[in-house]
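The next block holds one structure in the form of structure tokens; read it before the comments.
Letters A, B, ... are given to chains in the order of the sequence lines, protein chains preceding strands, and every chain is numbered from 1.
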Amino acid sequence: MGGLQVSEGALARAGRRVCRGAAPGLLCLALTSCSGGVLDPAGPVGEGDATILIDATAIMLAIVIPTILLAFWMAWRYRASNTKAEYLPYWSYSGRIEAVVWSIPILTIMFIGGVIWIGSYKLDPFKPLSDKVPPLEVQVVSLDWKWLFIYPDQGIASVNQLVMPAGTPVRFSITSASVFNAFFVPRLGSMIYAMPGMVSQLHLQADEPGQLWGISAQFSGDGFSDMQFEVKSVPAADFTGWAKNARDSGPVLDKAAYEALLHQTQRVPPSTYRAVDSGLFQDVATQKIPPGPGPQPGGPEHAGREVSPDGSTGGKD
Amino acid sequence: MFGKLDLSAIPLSQPIPLITSAVVILLALGVLVLITVKGWWPYLWRDWITSVDHKRIGVMYCLLGVLMLIRGFADAIMMRTQQAVAINAPGYLPPEHYNQIFTAHGTIMILFGAMPLVLGFMNFLVPLQLGVRDVAFPTFNSVGFWLTASGALLVNVSLFIGEFARTGWLPYPPLSETAYTPGVGVDYYLWAVQISGVGTLITGINIVTTVLKMRCRGMGYLRMPVFCWTALASSLLIVAVFPVLTATLAMLTLDRYLGFHYFTNTAGGNPMMFVNLVWAWGHPEVYILVLPAFGIFSEIFPTFSGKPLFGYRSMVAATLFICVVSLMVWLHHFFTMGAGAAVNTFFGISSSIIAVGTGVKIYNWIFTMYGGRVRFETPMLWSMGFIFTFIIGGLTGVLLAVPPADFLTHNSMFLVAHFHNVIVGGVVFAIFAGLEFWFPKVFGFRLHEGWGKTAFWLAFIGFWVTFAPLYILGLQGMTRRLQHINFDVWAPWLYVSVAGVGILVLGVIAQVTQLVVSIRNREKLRDVTGDPWDGRSLEWATPSPPPFFNFAVMPNVEGEEAYWGIKLRAVETQQLSPEPAYEPIEMPLNSPVGIYTAFSPRSSVSR
């Protein structure tokens, strides 16, 4: 297993070289993906995911390229106009070829199976990143159509803006207060679903300070296209400063403020809350606070569409 | 009868659906008037609508499928152009319209385009290849077809009256529950898919029974053409999983209509269970489509190589292997829901194991060409295009089966590129190869070669120009189903993709031209032998088109590749088979039960 890790590291470096455009290589796709994509990771999780993506591609290309070449060579060699090639109109079986033909995919998949096994455990989103450094806690709530980030230890919250200290692991607890979404910061790695009534865990870390972005990767309705949030990775001192600033300004995220957030809105600019009801996330996750009401009669959702005479929208949850 | 619908459901304020509706309605009226003026109704009623002949039903399935492919392609053009113009701009399709379009595109392409075509091929070919006169339950077969047609009609009616679902082709709750999607769109989806799903199940039962019980004398299981094996495997999957879909959608229907709480957000509903159940159908569904596609290629490679299929038994084993394993992989559609490392490992490995079966098939097709005399006529071009495209699609498929790689690419444009890579490259290429290959058998004349080759090259190049950029966009972090785009860096690749769609449009035009040119030159292209490609299975032993009873005398099969064997014996002995003893035969009568079941007002659902 040690050996595999060494080779994985080497391949990751090779992948990054490709990404810098230094060598034409395995993944010509990578050439174009330097600009903030998943092959340009900014943290250990993204790097682990990308390494596995590149390794698995390399393993398969080793089989796939010869197979494609063989297919075209075979078709060309035995084209009808080539009378020099032998014609075997009855030949339809060879035990040796059969054995090879079954072995190649089986061996490849056994190898890939190893990558899957090791990778799934190593990069399990629920697994903490470090035993030594305590992680920063962030609670994430997906709403229609914005993201709410609660920092329980700092007692603050933000909308559509995630600030995290560089080099510190972050433990995200993720739920939804309406429909499914998926929490995804492409350069940090692994995405995970935000689901109502459930809490998913995700551990990420940004290595260097920088400006990143996150999206929802699961369609959630009309405002989905703008469900993006800015991600700022800042030095630890700046993070403390930001938290302090946030504590000194902005409104309080109490029941009423949260009710307002529950309504469907789009393109919500980033903002912060100076204080948060403790236990808010728990109440959202356990649905003690009911989930967002969805579209309201009279809204654009209903323009020219069906609304029953009493103004209600049909079935109720 | 109209339930929640009233006049406001007609989209008078929205020009795109309104104009489309008007054009479609005018065209449909025009066709109806033409039929009436020409007096074609009795012919249509007698020879097509009430026909229980498996060949006629197969042709109608394919016609429906082709029409729906064009409808779905129109949606695709709108999606790609919208994304290309809506970069830091709203584009020309507002979200509530755009969301309907991608939902309709997926639903139509899979359930009303690809499925009818695949079922059409199975209907037409299986009885002919098995040397029998019809499927096991001919009237039931007609009911199945008309139910599918009824579902397809319902999807298209939603364009004019009300709206279609805006939830994605698999309507994940809680988004698809009344609280978040109160309109009639999801209801249209539910009824259309339920009705056509019953039709599909009927055909599945029919094909399974036909293959198991109705082969001609000497047609042992291991002498059946591989297409029949794949039709059997695919139909077994239909019988196994379509009831799961029906039950799942029934539960969602109960939620929406009667206030149940199977998948609701509150009151103990579990939306994740819908995802779990729907993919227990949804993943086998792709193998329902692709197995018969493999069967088509397994007929084409030997025919155009002039030699038998390499490793017939391996092919059968690989087919059954895929059939069984495809039932155990569905969780790879939601690795990112946090199932945990052990579960993800199991389903990751089981998903990639399917590649063993497909890999074996690819090698066997390649070795079928070894020692052959390969003719590059249009069906063979599609087959070679398939080999290249499908191998790449398989590669990206295995990547998505590796959980950590899926954590980066799930729901991204990479995924979109992958499944088009396998479904277009696998199923659609097979359908076009098959249409070119069996057209002379069905209609009695060949299709024009030149236009066929042109259409292939345009489709092949257009496909790659459209979808290769989507792989790159996926790796750049672009997710699917975006109505507008907020990142400039994605723009160049979106433009390239639109250019690809342009090439595909030319491909469609070439394909239509091929049909028109061939019909006009049909006398010159006439297939008088019944065996235009030097075929190997029993359908080529009949005249083109085959008589409604298929075979005057039931064949007696003495080995694999039945018709090839008959031809070889004739060459060896230098004489034709002796004149057979003709006996009176019995064929089923026409029946209007199918069309009444599907369209009679009394059987339609009123709310």
Which class fits the ring pair A/Y78 and B/Y370: parallel under 30°, tilted 30 to 60°, perpendicular over 60°? perpendicular
Chain A contact via [X] - side chain, backbone, both or neither, heavy atoms under 4.5 Å:
X      : result
B/Y98  : neither
B/L473 : neither
B/R313 : neither
B/A401 : backbone
B/I387 : side chain
B/L258 : neither

Nearest 0.5 angstrom please: [X] [atom1] to [Y] [atom2], how far?
X      : Y      : atom1 : atom2 : result
A/Y93  : B/Y312 : OH    : OH    : 15.0 Å
A/Q218 : B/M337 : CD    : CE    : 6.5 Å
B/I391 : A/T67  : CD1   : OG1   : 5.5 Å
B/Y180 : A/Q264 : OH    : CD    : 8.0 Å
B/F367 : A/W91  : CZ    : CH2   : 6.5 Å
B/S352 : A/I109 : OG    : CD1   : 4.5 Å

Verdict with reasoning, A/W102 to B/V356, per side chain to side chain contact (heavy atoms under 4.5 Å, CB included): CA-CA 7 Å; A/W102 279 91; B/V356 173; 4.1 Å; yes
Give the C-alpha distance, both sets of side-chain angles, the deciding distance and a yes or no for side chain to side chain contact (heavy atoms under 4.5 Å, CB included) between A/M191 and B/L408. CA-CA 7 Å; A/M191 72 174 77; B/L408 296 179; over 6 Å; no
Is there a side-chain contact between [X] and [Y] (heavy atoms, below 4.5 Å)?
X      : Y      : value
A/P291 : B/T266 : yes
A/L53  : B/V402 : no
A/V100 : B/Y363 : no
B/F310 : A/E98  : yes
A/S225 : B/P95  : no
A/I68  : B/I392 : yes

Is it the case that the ring center of A/F224 lies less than 6.0 angstrom away from the ring center of B/H484?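 Between A/F224 and B/H484, which both carry aromatic rings, the centre distance is not below 6.0 Å.
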Taking B/N265 for the side chain and A/P196 for the main chain, is one N or O donor matched with an acceptor at less than 3.5 Å? no
Is there a donor-acceptor pair closer than 3.5 Å between any side-chain N or O of B/N344 and the backbone N or O of A/S120?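 Not at all, since once roles are kept as given, no pair shorter than 3.5 Å links the two residues.
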Between B/F102 and A/F219, is a ring-ring contact (aromatic ring centres under 6.0 Å, His included) present by the stated rule, with each step listed? CA-CA 11 Å; B/F102 68 66; A/F219 177 71; 5.0 Å; yes
So which of A/W76, A/W73, A/Y90 has the biggest tally of heavy-atom pairs under 4.5 Å with chain B? A/Y90
I need the residue from A/S190, A/P186, A/G294 with the largest number of non-hydrogen atom pairs under 4.5 Å to chain B. A/S190
Go through the steps to decide whether A/W213 and B/F487 satisfy the test ring-ring contact (aromatic ring centres under 6.0 Å, His included), and finish with yes or no. CA-CA 11 Å; A/W213 49 271; B/F487 295 86; 4.3 Å; yes
